[in-house]
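Report on the following structure.
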2 protein chains.
Amino acid sequence: MFAATQPRRRRKEARPSELTAAALALFVEKGFAATRLEEIAIRAGVSKGTLYLYFDSKDALFKAVIQEGIVPVVAEGEAIAARHDGSAVELLERLLENWWSRIGETEYAGIPKLMIAEARNFPDVARFYYENVIRRGRALIGAALERGMASGEFRRLEVETTIEVVIAPILMLLIWRFSMAPCLGREIEPRQYLAIHMELLRQGLERSRV
Amino acid sequence: MFAATQPRRRRKEARPSELTAAALALFVEKGFAATRLEEIAIRAGVSKGTLYLYFDSKDALFKAVIQEGIVPVVAEGEAIAARHDGSAVELLERLLENWWSRIGETEYAGIPKLMIAEARNFPDVARFYYENVIRRGRALIGAALERGMASGEFRRLEVETTIEVVIAPILMLLIWRFSMAPCLGREIEPRQYLAIHMELLRQGLERSRV
DNA sequence: GTTTTTAATGACTTTCGGGTCATTAACCTA
DNA sequence: TAGGTTAATGACCCGAAAGTCATTAAAAAC
């Protein structure tokens, strides 16, 4: 049996995103340094040479992966917050729901783990990601918290640090899924996890009834 | 000026732990694949050849780093839980305090980030770490939660998932410190972070006053 | 002080993978 | 359908880093 080599296809438009998608999957799984460019190329259905047609270097490919991963989901969250008129806890719920359906359930879900693992090898990319995603995401949560505190719905806590505590379980869910879970067969059930997180927050943030 | 080359020292006993300490620091900073063995050797004050006197391969060194990082801190937590006779929330506080002073403030603090980044390249080490640290840590938190629910101090929630939600911010604190923080100069203040986490938990877990 | 043992060294070998480029062939246009 | 353009290929180059080992010298033994 001879593996019939596929005829070449010229698909200039489709290649870059196919390559970054393949790269994202492999970087998340094995880490940047341990991923070979040829693996990425094969996964994207091209040769190594083709990869260099679209990206100058392995580093450039990494940067492209992160930049492409910055979908307008943050802007979407900002729009949700702007037109929201219910309670603060409802706003937090909506932001969480939106985040999950637009990030958690998509191919972008691996980016947080990748960014965390490689931040110190790509400090400029880390800063870019921080400025364009984390900072704006934090601001969204911060505004919701402050709204709740101002209206008397939430008790008063130091906001900046509370933001971190609120976001942490959301990130850990994705990190776990792309790191330990595949080694253990112990998936976390996301909907239940997020529901309990939200439930603890709802009551934990509530202004004490004295 | 000639750099006076230090005279050799024969220190058979001290070398292995000095080498694993150097390796841990560099693995956490740069990742396993991107760390050169010679860097580790230099940091430990020896030559590359000496490293191979004590470890068979780079992989073996990684395994040793993780295994050495499993200090008896879990057992300590188990002892604290066994002799605790106060409220469940006090138990959670004590466990958190012990964890922070015995892990969070020591050189071992980098291990969670390292393990998360490399789990899928070392699935057997990941399982070992899970069995010996994570599983026992989860069991500790789970027992505290169940004690609180049984006594009526906490409301009833699905325990297994609640454990994950409770642990997540504690892990994210360390992960952040060893990944994004060094790139941004945005350290999280640990004591305040842990205090707010505990405060949200205290009220979030409380049985509702109907 | 001399000999023996073995911890330590660093130059060397080898393998691996990032990056290059001359060649090939798919698609377009006239 | 012939000719031109350029997307795609994969053999090749080369530097870097894992791993080896003959040699050196620190400490121990006598």
Side-chain angles (χ1 to χ4, degrees), chain A residues 2-27 29-66 114 118 120-122 125, chain B residues 2-65 114 118 120-122 125:
Chain A
F2 300 95
T5 52
Q6 332 275 34
R8 293 185 186 177
R9 294 286 165 213
R10 301 179 64 153
R11 301 172 56 246
K12 187 179 159 73
E13 309 307 322
R15 296 300 188 206
S17 62
E18 288 171 3
L19 285 163
T20 51
L24 172 58
L26 287 165
F27 287 165
E29 180 183 334
K30 309 159 82 93
F32 175 79
T35 299
R36 291 193 298 276
L37 288 176
E38 194 153 25
E39 287 180 280
I40 297 172
I42 289 170
R43 188 172 176 125
V46 298
S47 71
K48 193 168 60 163
T50 299
L51 204 160
Y52 278 90
L53 223 53
Y54 297 99
F55 301 95
D56 288 343
S57 65
K58 199 182 181 187
D59 279 31
L61 179 57
F62 179 83
K63 292 179 188 180
V65 165
I66 298 296
L114 175 58
E118 305 296 340
R120 293 176 80 172
N121 291 327
F122 296 91
V125 182
Chain B
F2 300 95
T5 52
Q6 329 278 31
R8 293 184 187 180
R9 292 291 165 209
R10 302 176 60 152
R11 300 172 56 245
K12 187 179 160 72
E13 310 307 323
R15 296 302 187 203
S17 62
E18 288 172 3
L19 284 164
T20 51
L24 172 58
L26 286 165
F27 287 163
V28 169
E29 179 183 335
K30 309 160 82 93
F32 175 79
T35 299
R36 291 194 299 276
L37 287 176
E38 192 152 25
E39 287 180 281
I40 297 172
I42 289 169
R43 188 174 176 123
V46 298
S47 71
K48 192 167 59 162
T50 299
L51 204 161
Y52 278 92
L53 223 54
Y54 296 100
F55 301 96
D56 288 344
S57 65
K58 199 182 179 186
D59 279 32
L61 179 58
F62 179 82
K63 293 180 188 179
V65 165
L114 176 59
E118 304 297 341
R120 293 175 82 173
N121 292 326
F122 296 91
V125 182

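Letters A, B, ... are given to chains in the order of the sequence lines, protein chains preceding strands, and every chain is numbered from 1.
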When the distance from [atom1] of [X] to [atom2] of [N] is rounded to whole Å, what number comes out?
X	N	atom1	atom2	result
B/Asp56	D/dT20	CG	C1'	13 Å
B/Phe55	C/dA8	CZ	P	12 Å
B/Glu18	C/dA8	CD	C1'	14 Å
B/Leu53	D/dA26	CG	C1'	14 Å
B/Ile42	D/dA17	CD1	P	11 Å
B/Glu38	C/dG10	CD	C1'	9 Å
B/Ile40	D/dA17	CD1	P	12 Å
A/Phe27	C/dG18	CZ	C1'	12 Å

Review point. Does B/Lys58 make a side-chain donor-acceptor contact with the base of D/dG19, cut-off 3.5 Å?
Key: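 Not at all, since no donor on one side and acceptor on the other fall under 3.5 Å apart.
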
Point to revise | Selection from D/dA7, C/dG17, C/dG19 that lies nearest to any side-chain heavy atom of A/Lys48 | key: C/dG19

Review point. Can you check whether A/Pro16's main-chain N or O pairs, donor with acceptor, with A/Thr20's side chain at less than 3.5 Å?
Key: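 Indeed, once roles are kept as given, a pair shorter than 3.5 Å links the two residues.
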
**Study point:** Heavy-atom donor-acceptor pair, A/Lys58 side chain to A/Phe32 backbone, under 3.5 Å
**Key:**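 Checking the backbone N and O of A/Phe32 against the side chain of A/Lys58, a donor-acceptor pair under 3.5 Å is found.
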
**Study point:** B/Arg36 vs A/Gly45, nearer the 5' end of DNA chain D by closest nucleotide
**Key:** A/Gly45

Study note, to complete from the structure: Of B/Thr35 and A/Val46, the one whose closest nucleotide on DNA chain D sits nearer the 5' end is A/Val46

Study note, to complete from the structure: Quick tally for nucleotides 25-30 of chain C: nucleotides whose base has a protein heavy atom under 4.0 Å get B, sugar-phosphate-only ones S, the rest -, giving SBS---

Check your understanding: Between A/Leu19 and A/Ala44, what is the shortest heavy-atom contact and its length?
Key -> CD2-CB, 3.6 Å

Check your understanding: Looking at B/Asn121 and A/Glu29, what are the two nearest heavy atoms and their distance?
Key ->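 Between these two residues, the closest heavy atoms are OD1-O, 4.2 Å.
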
Review point. At under 4.0 Å between heavy atoms, what does B/Tyr54 touch on the DNA or RNA strands: base, sugar-phosphate, or nothing?
Key: sugar-phosphate

So, is [X] close to the [N] phosphate, meaning a side-chain N or O under 4.0 Å from OP1 or OP2?
X	N	answer
B/Ser47	C/dG10	no
A/Thr50	D/dT9	yes
A/Tyr52	D/dA8	no
B/Arg11	C/dA8	no

**Study point:** Pairwise distance CG(A/Leu37) to OG(A/Ser47) - rounded to 0.5 angstrom
**Key:**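 The OG atom of A/Ser47 is 11.5 Å from CG of A/Leu37, to the nearest 0.5 Å.
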
Practice item. For salt bridge (charged side-chain N to carboxylate O under 4.0 Å, His left out), just list the numbers for A/Glu18 and A/Arg43, CA-CA rounded to whole Å, side-chain angles, deciding distance to a tenth of an Å, and then say yes or no. Key: CA-CA 9 Å; A/Glu18 288 171 3; A/Arg43 188 172 176 125; over 6 Å; no

Check your understanding: Between A/Phe122 and A/Lys63, is there a cation-pi geometry (under 6.0 Å to ring centre, at most 45° from the normal)?
Key -> no

